[in-house]
Amino acid sequence: MTNANEPTAAGAPADPHSGATDFIRDIVAADAQTGKWGRPITTRFPPEPNGYLHIGHAKSICLNFGIARQFGGVCNLRMDDTNPAKEEVEYVESIIQDVRWLIDGWADSVLAPQVYYASDYFEKLYQYAIELIRMGRAYVCDLTAEQLIEYRGAPDRPGKPSPYRDRGVEENLNLFARMRAGEFPDGARTLRAKIDIGSPNIHMRDPAIYRIRRVDHHRTGSQWTIYPMYDYAHCLSDSIEGITHSICTLEFEVHRPLYEWILAQLQVPQPPPRQIEFARLNLGYTVMSKRKLLQLVDEGLVGGWDDPRMPTVAGLRRRGVPPAAIRTFCARIGVTKYEGLTDIALLEHSIREDLNRRARRVMAVLRPLKMVLVNYPEGQVEEIEAVNNPEDPSAGTRRVPFSRELFIERDDFMEHPPKDFYRLAPGREVRLRYAGVIRCEEAVKNAAGEVVELRCTMDPGSRAGGPTSHRKVKATMHWVSAAHALPAEVRLYDRLFTVPEPDADPQGRDFKTFLNPHSLELLTDCRVEPSLAGASPETYYQFERLGYFCADSRDCQPGKLVFNRTVTLRDSWAKAAAKAM
RNA sequence: UGCCGAGUGGUGUAACGGUAGCACAGCAGACUCUGGAUCUGUUUGUCAUGGUUCGAAUCCAUGCUCGGCAGCCA
C-alpha cells in the first residue's frame, strides 16, 4: 500500500480511505454482495471540460476512485463534452493532468487506461434517439425557446402539451434526420422525450433531449449540428460504459426519474446503473463555482486558474499542497446528503499533518535584521550540522554556514517587548538554532530611529557539545549567515475572500466585493540558507518557525529563487498577539 | 403555495431500537534547541412537540427551519 508518493516516516497513517464507510459505500457494498451486474463495481468521474477542476471535484474524485479501489473495480474518467459552446481542449488537458496528479500512487491502478468522451457516443446516442422516436417516446418540437418555457409551466404551475406532441413517427423521423443534416437554424427545433407534461417533476415534462447548435465541437469538429442534452447523454453514456454506480451531486436528485426513464425505454443492458446523490463540498472563504472562478481569471483578479490562492487543483498544487493531503482532507469531511460549510481549518490541518512528516526543514529569513556577534572572530566560518526532518531520521542532516554576521527575523526582536513576548530584546538571551545562546547587547538605530542592527555576544560554552549547551532559554530563533545566504522572493498567501460565504451575501452583493486585498503579500528581500540553491517545486520545505513553502513552478529559477507559502505553522504567539489587539 | 431532499457541540461527521463517539477548532497543562511537532486533560450537541417502546438521535405523526428544481447548461 506504500509507494513513492507516500511519506516514509514511521507512524505515517494508513490510507485514510481504506476503511471508509458512508451511505454510498453501504449501498455499493450491498450491491456488490448481490453481484447483480455480473461485473466489477464501475464508477466514473464525469467533468464537463469547461473549466479547471477544484477541490470540490477532488471530493468527487476521491469518492469515485476510492470506491472503485475499495471494491476491486475501476473508475472511468469521462469528459462530459456535450455542449461545444462552452468546452475547450485546454480544459480537457488540465483535467487529465489534475486527476492523474491527485490519484497518483493511490488509485492510479483503478483509473481506466483510456480517457472516455461522451462525444465518442454521439452516433450511438443518435441511434437510440431514433429508437425512441420509433417507439413513440420522442418527438420533434417546433416551439421556440420562449414558447417552450411557457408550455412547460413552472414548479407550481402545470405544463401544457406542445402542439407538435402528436406528430407521426415518420414525420418525426424525417424532421430529426433533417435536424442532423443541418437544414434548420440554431434553436429552430428540439427533440423532446414524450413523458408526462403534467408531472409534478418539471424534468419529466417532455424534456428536450437534442438541440440544434451549429457550433464546432473540440473533438468532432463540424460533424454535428445537433447535440444531446445532459439528461439524455449522461445516463446512456453510463450505460454504454457499463457503469454500476453513477454518483453525482444533490442537484441531480430531481433528474433521477428521467435518468431511469430513459434507460427503461431503450434496449440497454440490465440492470441499469444506479444514480446516487451526495452533497457537494462548500469550503469557507472561497468560491467553488466554475463560473465564478472563470470570472476571477478572466477579469485578472487572480493570476490564472493555477494562482496559488485559487481552490483549483492546479492552484493547490502550485501552492505546495501535496495530493495526499487533499485525499486525507476528502476522507475526513465524509460523504452525506447534508449541505454544510466546511471549515478551511480542516483543510489546513490535513496539509500541516502531511507536510510535517514530509517536509525538509531549512532556515529562511523573510524580513532580515542584521545581527553581529561581536565576540565571534571576524572572517571565521563554521559549517553547523542541522537536522533535515526531526519527524524522519532517514532524511539525514546537512551543514549550514555560520559566521559573525547573520540575519535574523525582524519579528523576532522587540525593543520594548510585551510580557508574553519571549524572543529577543535588549539585554535578553535566546538560542540561535543549532548554534548557541546569544545575548543582545545593543540595538543600533538609524537617523529615523529604526533598529537596523543588533550587536550581540555569544556564550561560547553553549555551543553544541559545550558545557552549557543545554542551558534553558525562553526562545530559539532561526537565522542565516549574511555572507552565505541566498536572496529570494517569497509570496505569502492568505484566504482569497474576507467572509466565509462570499457568494451568499444577505444583501445580495457580488462575491467580488469580498475579495481579500491582502490575499497576496510579496516579500522581495528574503534570505535563505544556501542548500536551497537548487530548490524545485517537487520538494516541500518547512522554513523553520514560519511555515511550509515550495518553489514556485512558474517563476522559480536557479538564479532567481521564488517560494510560495503553502500554509503557516501553528503559531500560538501570533494567536495571542492577535487576541491582545 | 407543487415536487424532491436535508436537519447530531462552533465546524465536519459516527452511532443502523440498547452508555451520544471521533476529527478539526477552542480552552488548560506537560514536554521541547522550531511559541512547530508530540502528549494529557477539558468546555460545548441529537430542530420542536406529541406518540410507540422496558428503552428513541434512530420508528410513527404533526410542525419548524434550510437547500434544490421553472437552460434548447452540466
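This structure is a prediction, so every number in the text was calculated from the model and none was measured. Reminder, nothing fancy here: chain letters follow the sequence lines and each chain counts from 1. Worth knowing before you read on, the calculation uses all heavy atoms, side chains too, and leaves out hydrogens, waters and symmetry mates.
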Hey, does the side-chain of [X] have a donor or acceptor N/O within less than 3.5 Å of a partner on the base of [N]?
X: A:Arg423; N: B:G35; value: yes
X: A:Glu391; N: B:U38; value: no
X: A:His203; N: B:A70; value: no

Tell me whether the rings of [X] and [Y] are parallel (<30°), tilted (30 to 60°) or perpendicular (>60°).
X: A:His234; Y: A:Tyr230; result: tilted
X: A:Tyr126; Y: A:Phe176; result: parallel
X: A:Phe549; Y: A:Phe543; result: parallel

Would you mind classifying the nucleic acid contact of [X] as base, sugar-phosphate or nothing, using non-hydrogen atoms under 4.0 angstrom?
X: A:Leu143; result: base
X: A:Tyr210; result: nothing
X: A:Glu277; result: nothing

The side chain of [X] lies closest to which of these nucleotides: [options]?
X: A:Arg361; options: B:G35, B:A74, B:G36; result: B:G36
X: A:Thr82; options: B:U34, B:A74, B:C69; result: B:A74
X: A:Thr336; options: B:A14, B:A74, B:G71; result: B:A14
X: A:Pro390; options: B:C69, B:G36, B:C33; result: B:G36

Electrostatic pair [X]:[Y] at N-O distance under 4.0 angstrom:
X: A:Arg280; Y: A:Glu339; result: no
X: A:Glu241; Y: A:Arg78; result: yes
X: A:Glu383; Y: A:Arg399; result: no
X: A:Glu529; Y: A:Arg398; result: yes
X: A:Arg471; Y: A:Asp459; result: yes

For [N], does either OP1 or OP2 sit under 4.0 Å from a side-chain N or O belonging to [X]?
X: A:Arg213; N: B:C73; value: yes
X: A:Ser572; N: B:G36; value: yes
X: A:Arg152; N: B:G71; value: yes
X: A:Arg332; N: B:C24; value: no
X: A:Lys472; N: B:C33; value: yes
X: A:Arg291; N: B:A74; value: no

Gap in Å between the two [atom1] atoms, one belonging to [N] and one to [M], rounded:
N: B:G45; M: B:A23; atom1: C1'; value: 15 Å
N: B:G21; M: B:U62; atom1: C1'; value: 31 Å
N: B:A74; M: B:G68; atom1: C1'; value: 15 Å
N: B:U13; M: B:G55; atom1: C1'; value: 26 Å

Practice task
Examine A:Phe402 together with A:Trp479 and report whether their ring centres are nearer than 6.0 Å.
Solution key: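 Aromatic pair counts; centres sit under 6.0 Å.
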Exercise for the section: Assert yes or no for the condition that the ring centre distance of A:Phe122 to A:His217 is strictly below 6.0 Å. Expected result: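 A:Phe122 vs A:His217: aromatic centres under 6.0 Å.
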Problem - RNA chain B contacts made by residues 224-233 of chain A, counting heavy atoms under 4.0 Å - result: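 Those residues are A:Pro228, A:Met229, A:Tyr230.
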Practice task
Give a yes or no on this: more than 12 heavy atoms of other residues, nucleotides or ligands lie within 6.0 Å of atom NZ of A:Lys474.
Solution key: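 Check fails, neighbour count at 12 or below.
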Handout entry: Counterpart base for B:G2, defined by Watson-Crick or G-U wobble contacts under 3.5 Å
Key =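 Across all strands, the one nucleotide that pairs with B:G2 is B:C69.
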Practice task
Taking syn as within 90° of 0 and anti otherwise, name the glycosidic form of B:G51.
Solution key: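 Here the answer is anti: the torsion falls beyond 90° from 0.
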So which protein nitrogen or oxygen atoms get under 3.5 Å of nucleotides 2-7 of chain B's nitrogens or oxygens?
unit_1, atom_1, unit_2, atom_2, d
B:G2, N3, A:Pro155, O, 3.0

Taking only N/O atoms, report every protein-nucleotides 25-29 of chain B pair under 3.5 Å with atom names and distance.
unit_1, atom_1, unit_2, atom_2, d
B:G26, OP1, A:Lys575, NZ, 3.0
B:C27, OP1, A:Lys579, NZ, 2.2

